[in-house]
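Below is one structure, written out as structure tokens; the observations come after it.
Just so you know, ligand 1 is whichever comes first in the structure, and atom 1 is the first atom listed for that ligand. Values below: all heavy atoms of this structure, side chains included; hydrogens, waters and symmetry mates excluded.
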Amino acid sequence: MRFGFVTLFPELIAPYFEASILGRAKKNGLIETDYYNPRDYTTNKHLKVDHTQAGGGAGQVMFAQPLDDLLTEVREEDPDVHIIFPLPAAKPFVQSDAKRLAGKTHVLFVSGRYEGIDERVIERHADELFSIGDYVLTGGELPSLVMCDAISRNIPGVLGNEDSLTEESFETHLLEAPTFTKPENYKGSLIIKEYLKGNHAKIHALKRKLALKKTQYFRPDLYQKANIKDSEEKK
Ligand code: ADE
């Protein structure tokens, strides 16, 4: 999978691919990263990429020409590229999007800075728009990395252990049950006894029950979506 990042600040993004799981995925050739700086596509002598807002308003907006030229060039080079704009005013990015996008060959994230991007660039080039939550960040770099990370771990081979993907939070609209490791007694606090008895059917049933309780408590909205049968709810 090729991941492209359109950004004025590639140095904010690149280090993330130098360590841990994505570092290994990159070394193993499972993912590739490209960077495109809109400033390299400017035609004005001061290399400006932003102007004041039409109609007034605080802050600058990234104007159309550099981004439009850049995105046109990338699309010409690869017509299959899937262009994503991270924006606070968009549909939420969720696990099923991460899974679906892992099937693409080339995903490009376009990070805005300042007060945003001229809407006409978005209209001309976006395949999808996503928000990563109801808060406003200073730019699209972190949302791009968040989405890239969530997509990458769904690419076969990226996680050493593919089992990690099967019982995961959100796969079933449920939050994951608590997990533990050694020691059994940590400062007087014990691991749930059933987890230590080795009866996998029982452990599975208990984890399901705990996942239901946790979801009901922390995320009643997800719990509704999970469509739990009455018989299970009463357990
Ligand atoms: N850019 C700024 N804030 C954002 C958010 N919450 N989601 C996606 N892109 C953003």
- Query: Is there a side-chain contact between Phe130 and Pro92 (heavy atoms, below 4.5 Å)?
  - Reply: no

- Query: Any donor and acceptor pair, going by atom type alone, linking the side chain of Arg124 with main-chain N or O of Asp68 inside 3.5 Å?
  - Reply: no

- Query: Does at least one non-hydrogen atom of Phe130 fall below 4.0 angstrom from an atom of ligand 1?
  - Reply: yes

- Query: Quick one: does Leu87 get an N or O within less than 3.5 Å of an N or O on ligand 1?
  - Reply: yes

- Item | Pair Phe5 and Phe17, ring centroids less than 6.0 Å apart | yes

- When distances are taken from atom 3 (N) of ligand 1, the protein heavy atom at minimum range is Leu137 N, 3.0 Å

- Item | atom 1 (N) of ligand 1: the protein heavy-atom neighbour that sits closest, reported with distance to 0.1 Å | Pro88 CD, 3.6 Å

- Query: For atom 7 (N) of ligand 1, what's the nearest protein heavy atom and its distance?
  - Reply: Ile132 N, 3.0 Å

- Message: How far is atom 6 (N) of ligand 1 from the closest protein heavy atom, and which atom is that?
- Response: Tyr135 O, 2.8 Å

- Task: Check the angle between the aromatic planes of Phe3 and Phe109 and answer parallel, tilted or perpendicular using the 30° and 60° thresholds.
- Result: parallel

- Which atoms of ligand 1 are found less than 4.0 Å from any heavy atom of Pro143? 8 (C), 9 (N), 10 (C)

- Message: Can you see whether His51 engages Gln60 through a side-chain donor-acceptor pair at a distance of less than 3.5 angstrom?
- Response: no

- Donor + acceptor pair across side chains of Asp80, His106 (<3.5 Å): no

